[in-house]
Amino acid sequence: MEPRARKQFISPALLLILLPPLFWAGNFITGRAVHSIVPPMTLSLWRWVIAMVCVLPFAWKPMCRDYRLYLTHKWLIVRLSLSGVVAFNSLVYVGLHQTSASNALLLNSFIPVLIALFGAAFFNEKLRGVQTFGLVLSFVGVLIIVARGDWKMLIAFSFSRGDIIVFMAMVAFAFYTLWLRSVPPSMDRVGLMGAQIATAFIFLIPLWLVEQANGQFAQWTPISLMALAYLGVFPSVLAYLMYNLGVAKFGAARAGLCIHLIPVFGVVLAVIFLNESLHTYHAAGLIAILIGIRLAMKNRKIPATSQQQK
């Protein structure tokens, strides 16, 4: 392995794609925890209201500076907002009302696979042998964890309407990741996030009003308010900013591959907050995931223009 590649692998820049899965794992746990007291569209809308309050002081100037770029690339902004902000989060929260956490984690692990497949089919991205093998190996690691080391559990899995909704969310996020490649290099990423959230409100507010009209109201308790605060800051602001920068740094396929870490972090969070125990299959799955990610990133030179094109 070349010194440059080794330095890149252990670089703090990897936090750009390692921390978002941690925050998004918390998103699944939190969304499931409050699903009975906070309706999905309410959770989705007010999460992004909090995110906008956090981002706007930093995004306002770049948003004013780049508004002409937003107009030039208006349909790209709409696609990013609809796929990454509106569809992904709303569909996940709706799906969590009708499916189990295990099924949701299994479906979530399809995102890197979908990114690779859609990238090859629609975006002319090529997969090398080592990257493909790493992708498959890390996915196997996810299955080990989800199946708890017993492959018979996978055969016993049954998929409901909620699973289909969650899978649609995964498709949306795969396209979001790939569309990020088209963001112009001169467009500030913090300003872009502000523009995405502002655009998302155009769609989220009517969905929330429909939910209210159907009599679905939130129960605002200390728990639901703390959950909303977490969702508004960590999986919304920090995770999206880091992930956007990570795609620019490492490319869509490799950044998306680290989404396989979501169930790993989910296990860790369950141990911390739900007093669950660690087992041998957790370690086996984690090893497979980390080796797979390592192989997928090995011997993959980042083009000099990659940060400008993605």
Q. How close do A288 and L137 get, heavy atom to heavy atom, and via which atoms?
A. O-CG, 3.6 Å
Q) Are L22 and M226 co-members of a hydrophobic cluster defined by side-chain heavy atoms under 4.5 Å apart? A) no
Q) Is Q196 reaching over with its side chain to a backbone N or O of A200, donor-acceptor style, under 3.5 angstrom? A) no
Q) Considering all heavy atoms of both residues, which atom of Y93 and which atom of P40 are nearest to each other, and what is their separation? A) CB-CB, 3.7 Å
**Q.** Gap between atom CE of M170 and atom CD1 of I165 - 0.5 Å precision
**A.** 11.5 Å
Q.
Suppose we screen for ring pair (Phe, Tyr, Trp, His ring centres under 6.0 Å). Which residues come up paired with F23, at least two apart in sequence or across chains?
A. F234
Q: Taking D188 for its side chain and V190 for its backbone only, find out whether a donor-acceptor pair lies under 3.5 Å.
A: yes
Q.
Among Y240, Y230, F265, which residue satisfies the ring pair (Phe, Tyr, Trp, His ring centres under 6.0 Å) criterion with W24?
A. Y240
(Q) Going by the rule side chain to side chain contact (heavy atoms under 4.5 Å, CB included), which residues pair with L207 if we only count those two or more places apart in sequence or in a different chain? (A) M41, V86
Q.
Looking at every heavy atom in both V53 and P57, which two are closest together, and how far apart are they?
A. O-CD, 3.2 Å
Q. Under the ring pair (Phe, Tyr, Trp, His ring centres under 6.0 Å) criterion, do F118 and F175 qualify, and how do the steps go?
A. CA-CA 8 Å; F118 293 162; F175 277 107; 4.7 Å; yes
Q: Would you mind listing every side chain to side chain donor-acceptor pair (under 3.5 Å) that reaches into residues 54-71, with sequence neighbours excluded?
A: none
Q) When rounded to the nearest 0.5 angstrom, what is the spacing between CG in L45 and CG in N89? A) 11.5 Å
(Q) Do L209 and I202 land in one hydrophobic cluster if side-chain heavy atoms of ILVMFWY residues count as linked below 4.5 Å? (A) yes
Q. Which distance, rounded to the nearest 0.5 Å, do you find between the CE of M63 and the CE of M187?
A. 11.0 Å
**Q.** Heavy-atom donor-acceptor pair, T30 side chain to G26 backbone, under 3.5 Å
**A.** yes
Q) Considering residues at least two apart in sequence or located in another chain, which fulfil the ring pair (Phe, Tyr, Trp, His ring centres under 6.0 Å) criterion with H73? A) none
Q) With hydrophobic residues grouped by side-chain heavy-atom distances under 4.5 Å, do W220 and F217 end up in a single group? A) no
Q. For L80 and W179, which heavy atoms make the closest approach, and how far apart are they?
A. CD2-CB, 3.7 Å
Q | Side-chain donor or acceptor of R189 paired with backbone N/O of L245 under 3.5 Å | A | no
Q | Listed once per pair and sorted, the ring pair (Phe, Tyr, Trp, His ring centres under 6.0 Å) pairs that draw on residues 186-209, sequence neighbours left out | A | W46-W208
Q: Could you tell me how the ring of Y243 sits relative to the ring of F173: parallel (under 30°), tilted (30 to 60°) or perpendicular (over 60°)?
A: tilted
Q | Side-chain heavy-atom pair M193, V237 within 4.5 angstrom cut-off | A | yes
Q. If you round to the nearest 0.5 Å, how far is CD1 of I50 from CD1 of I197?
A. 11.5 Å
Q. How many angstroms lie between CD1 in I262 and CG in N27, if you round to the nearest 0.5 Å?
A. 8.5 Å
Q | Whether T42 side chain and V38 backbone form a donor-acceptor pair below 3.5 Å | A | no
Q) What distance do L192 atom CG and S81 atom OG have between them, rounded to the nearest 0.5 Å? A) 8.0 Å
Q: Take atom CD1 of I223 as the centre, draw a 6.0 Å sphere, and report whether it contains more than 12 heavy atoms from other residues, nucleotides or ligands.
A: no
Q) For L178 and G119, which heavy atoms make the closest approach, and how far apart are they? A) CD1-N, 3.6 Å
**Q.** Co-membership, hydrophobic cluster, residues V210 and L204, 4.5 Å side-chain
**A.** no
Q. For S236, which residues count as a side chain to side chain contact (heavy atoms under 4.5 Å, CB included) partner, sequence neighbours excluded?
A. R47, W48, A51
Q: Of all the heavy-atom pairs spanning A172 and S83, show the shortest one and how long it is.
A: O-CB, 3.4 Å
Q: Examine distances only and state if a side-chain atom of S224 and a backbone atom of T221 form a donor-acceptor pair shorter than 3.5 Å.
A: yes
